[in-house]
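See structure below.
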2 protein chains.
Amino acid sequence: MENIISKYKDKGIRLTPQRIAILKFLEGNTDHPAAEDIYRKVRRRYPTISFATVYNTLQTLTEKGDLLEITIDPTRRHYDPNTTPHHHIVCTDCNEIMDVFVDYSDVLTLPSHVLREFKPVGNHVDFYGVCRKCQKKKGGEN
Amino acid sequence: MENIISKYKDKGIRLTPQRIAILKFLEGNTDHPAAEDIYRKVRRRYPTISFATVYNTLQTLTEKGDLLEITIDPTRRHYDPNTTPHHHIVCTDCNEIMDVFVDYSDVLTLPSHVLREFKPVGNHVDFYGVCRKCQKKKGGEN
DNA sequence: CTCTTATATTAGAATTATTCTAATATAGGG
DNA sequence: CCCTATATTAGAATAATTCTAATATAAGAG
Ligand SMILES: [Mn+2]
Ligand SMILES: [Mn+2]
Ligand SMILES: [Zn+2]
Ligand SMILES: [Zn+2]
């Protein structure tokens, strides 16, 4: 818990109570929260926190390389504190996002005509599927 | 050109001049336009067209399975009239999007603990890279 | 410990993409 | 040619994100 503080002290990011609360919420969080999820949680302890602070902090962390923006939900940006490269599977029904820790880099080869136009630097796979909960729901509907 | 009309007449989509203009703009378009790109183009011939018409038409086409929404740019939705499954590479600098027509399904295998939670229905790979134009620009900066 | 200041926080306004509304127009079948 | 279910429209509404400018504070220097 307290090592979050030492971890970020070095990085040259100024540690305010609001930021520490955000960092604690994100630490180990595997839910891929959106800004509002973070805002709602942190506001419980810091009722005057502003959305601007949440967005500013998320942007700072992203710039420092300690947070990833997930562009998988067209309606809002989600955030992922796990910056080791990995992929996601999303429920087409409820939008739940689950991690997929497999490195597909070796098999994701690009055709030469693409390589002629682009110098690749990374990849990310979005899997789509139906989560167990939604499979049950759908079964019941029929 | 005229076969667009016959193609969609069957599908039970009512063909208005505005819709035909949108369909013609999308036909074979490989630029992955956003709603505003479509609006701006079609407005040249139909100056009174509304954004609502553009969005309604895009939604209708998506529902009929003749258009794909591309969730790769966090600031706006892009659309792809090519509905055969394929992937994309995006320039991290200028956001240009290029198609990648390779079927990776066989090699994108999921771990069993993920398969226990999700019944997969599809996948999409986002490649990131730097396009030739931006490679030159960046080279010049240094 | 106190001072200083660069940086962070805040409320609220601004911006922007997308959706909604309700009045009007029209595609296309009969 | 008529009818009506469906499409178009202007503009308002909504919602995510960004911006602004005033105030507060973290943390390094002394
Ligand atoms: Mn993740
Ligand atoms: Mn494409
Ligand atoms: Zn689900
Ligand atoms: Zn580029």
Side-chain angles (χ1 to χ4, degrees), chain A residues 2 4-23 25 32-64 66-79 95, chain B residues 2 4-23 25 32-64 66-79 95:
Chain A
E2 290 308 300
I4 296 181
I5 293 174
S6 45
K7 178 182 172 190
Y8 285 99
K9 232 174 205 164
D10 305 337
K11 300 232 173 191
I13 146 170
R14 196 174 275 189
L15 285 174
T16 66
Q18 295 87 343
R19 280 184 172 179
I20 293 168
I22 292 171
L23 289 167
F25 177 70
H32 308 89
E36 200 191 342
D37 301 320
I38 298 162
Y39 173 71
R40 277 212 302 265
K41 180 66 194 305
V42 174
R43 198 175 42 158
R44 300 222 284 255
R45 194 180 297 265
Y46 298 96
T48 68
I49 196 173
S50 151
F51 253 113
T53 297
V54 174
Y55 278 110
N56 288 343
T57 301
L58 294 175
Q59 186 182 319
T60 301
L61 292 173
T62 301
E63 282 164 0
K64 299 276 182 200
D66 292 308
L67 188 65
L68 293 178
E69 297 188 349
I70 305 295
T71 305
I72 201 171
D73 173 354
T75 69
R76 50 178 45 76
R77 237 167 273 188
H78 292 254
Y79 295 88
N95 296 310
Chain B
E2 290 307 303
I4 297 179
I5 293 173
S6 44
K7 178 181 172 190
Y8 285 97
K9 232 173 205 167
D10 304 337
K11 301 233 175 194
I13 144 170
R14 197 175 274 190
L15 286 173
T16 66
Q18 294 89 342
R19 279 183 173 179
I20 292 167
I22 293 172
L23 289 169
F25 177 70
H32 308 88
E36 198 189 346
D37 302 317
I38 299 162
Y39 173 72
R40 278 211 302 265
K41 180 67 195 307
V42 172
R43 197 175 43 159
R44 299 221 286 257
R45 196 182 294 267
Y46 298 97
T48 67
I49 196 173
S50 150
F51 252 113
T53 297
V54 173
Y55 277 111
N56 287 342
T57 301
L58 294 174
Q59 187 182 319
T60 301
L61 292 173
T62 302
E63 281 165 2
K64 298 276 182 199
D66 291 308
L67 187 67
L68 292 179
E69 298 188 348
I70 305 295
T71 305
I72 201 170
D73 172 355
T75 70
R76 52 184 34 79
R77 238 167 273 189
H78 291 255
Y79 294 88
N95 295 310

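Residue numbers begin at 1 in each chain, while the letters A, B, ... track the order of the sequences.
Mapping A:Gln59 and B:Arg19 onto DNA chain D by nearest heavy atom places B:Arg19 at the nucleotide closer to the 5' end. Both A:Thr60 and B:Tyr79 lie close to DNA chain C; mapped to their nearest nucleotides by heavy-atom distance, the more 5′-ward contact belongs to A:Thr60.
Summarising the geometry, atom OG1 belonging to B:Thr75 is positioned 7.0 Å from atom CG belonging to B:Asn95; distances are rounded to the nearest 0.5 Å. Atom CG of residue B:Asn56 and atom CG of residue B:Leu61 lie 11.0 Å apart, to the nearest 0.5 angstrom. Residue A:Ile4 holds its CD1 atom at 12.0 Å from CD1 of A:Ile22, rounded to the nearest 0.5 Å.
Under the side-chain hydrogen bond (donor to acceptor under 3.5 Å, both in side chains) criterion, A:Lys11 pairs with A:Asp66, sequence neighbours left out. Shown here are the side-chain hydrogen bond (donor to acceptor under 3.5 Å, both in side chains) partners of B:His78, two or more places apart in sequence or in another chain: B:Asp73. The side chain to side chain contact (heavy atoms under 4.5 Å, CB included) check on A:Pro74 picks up B:Thr71, B:Arg77, with sequence neighbours excluded. With sequence neighbours left out, B:Glu69 forms a side-chain hydrogen bond (donor to acceptor under 3.5 Å, both in side chains) with no residue at all. Among residues two or more places apart in sequence or in another chain, the side chain to side chain contact (heavy atoms under 4.5 Å, CB included) test is passed with A:Ile20 by A:Ile5, A:Leu15, A:Lys24.
Looking at heavy atoms from C-beta onward, A:Ile13 lies in side-chain contact with A:Arg19 at the 4.5 angstrom threshold.
Taking atom CG on A:Leu61 and atom C1' on C:dT7, their separation rounds to 15 Å, with Å as the unit. Atom NZ of B:Lys9 is separated from atom C1' of C:dG28 by 9 Å (rounded to the nearest Å). Atom CD1 of B:Ile20 and atom C1' of C:dA27 are 10 Å apart (whole Å).
The nearest pair of heavy atoms linking B:Tyr79 to B:Ile70 is C-CG1, 4.5 Å. Contact record, A:Arg76 with A:Ala34: CD-CB, 3.7 Å, taken as the closest heavy-atom pair.
Summary for the helix from C:dC1-D:dG30 to C:dG30-D:dC1: the axes at its two ends, each from 5 pairs, differ by 30° when rounded to the nearest 10 degrees.
Of the residues in residues 38-51 of chain B, those lying under 4.0 Å from DNA chain D by heavy-atom distance are B:Thr48, B:Ile49, B:Ser50. For the segment residues 10-18 of chain A, the set of residues with a heavy atom within less than 4.0 Å of an atom of DNA chain C comprises A:Arg14, A:Thr16, A:Gln18, in numerical order.
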Counting only pairs under 3.5 Å, give me each side-chain donor-acceptor contact of residues 38-55 of chain B, with atom names and distances, residues two or more places apart or in other chains.
| from | atom 1 | to | atom 2 | distance (Å) |
| --- | --- | --- | --- | --- |
| B:Arg40 | NH1 | B:Glu36 | OE2 | 3.1 |
| B:Ser50 | OG | B:Ala52 | N | 2.8 |

Distances for protein N/O vs nucleotides 15-17 of chain C N/O pairs under 3.5 angstrom?
| from | atom 1 | to | atom 2 | distance (Å) |
| --- | --- | --- | --- | --- |
| C:dA17 | OP1 | B:Arg76 | NH2 | 2.1 |

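Interface limits on DNA chain D: the 5'-most and 3'-most nucleotides within less than 4.0 Å of chain B heavy atoms are D:dA5 to D:dA10.
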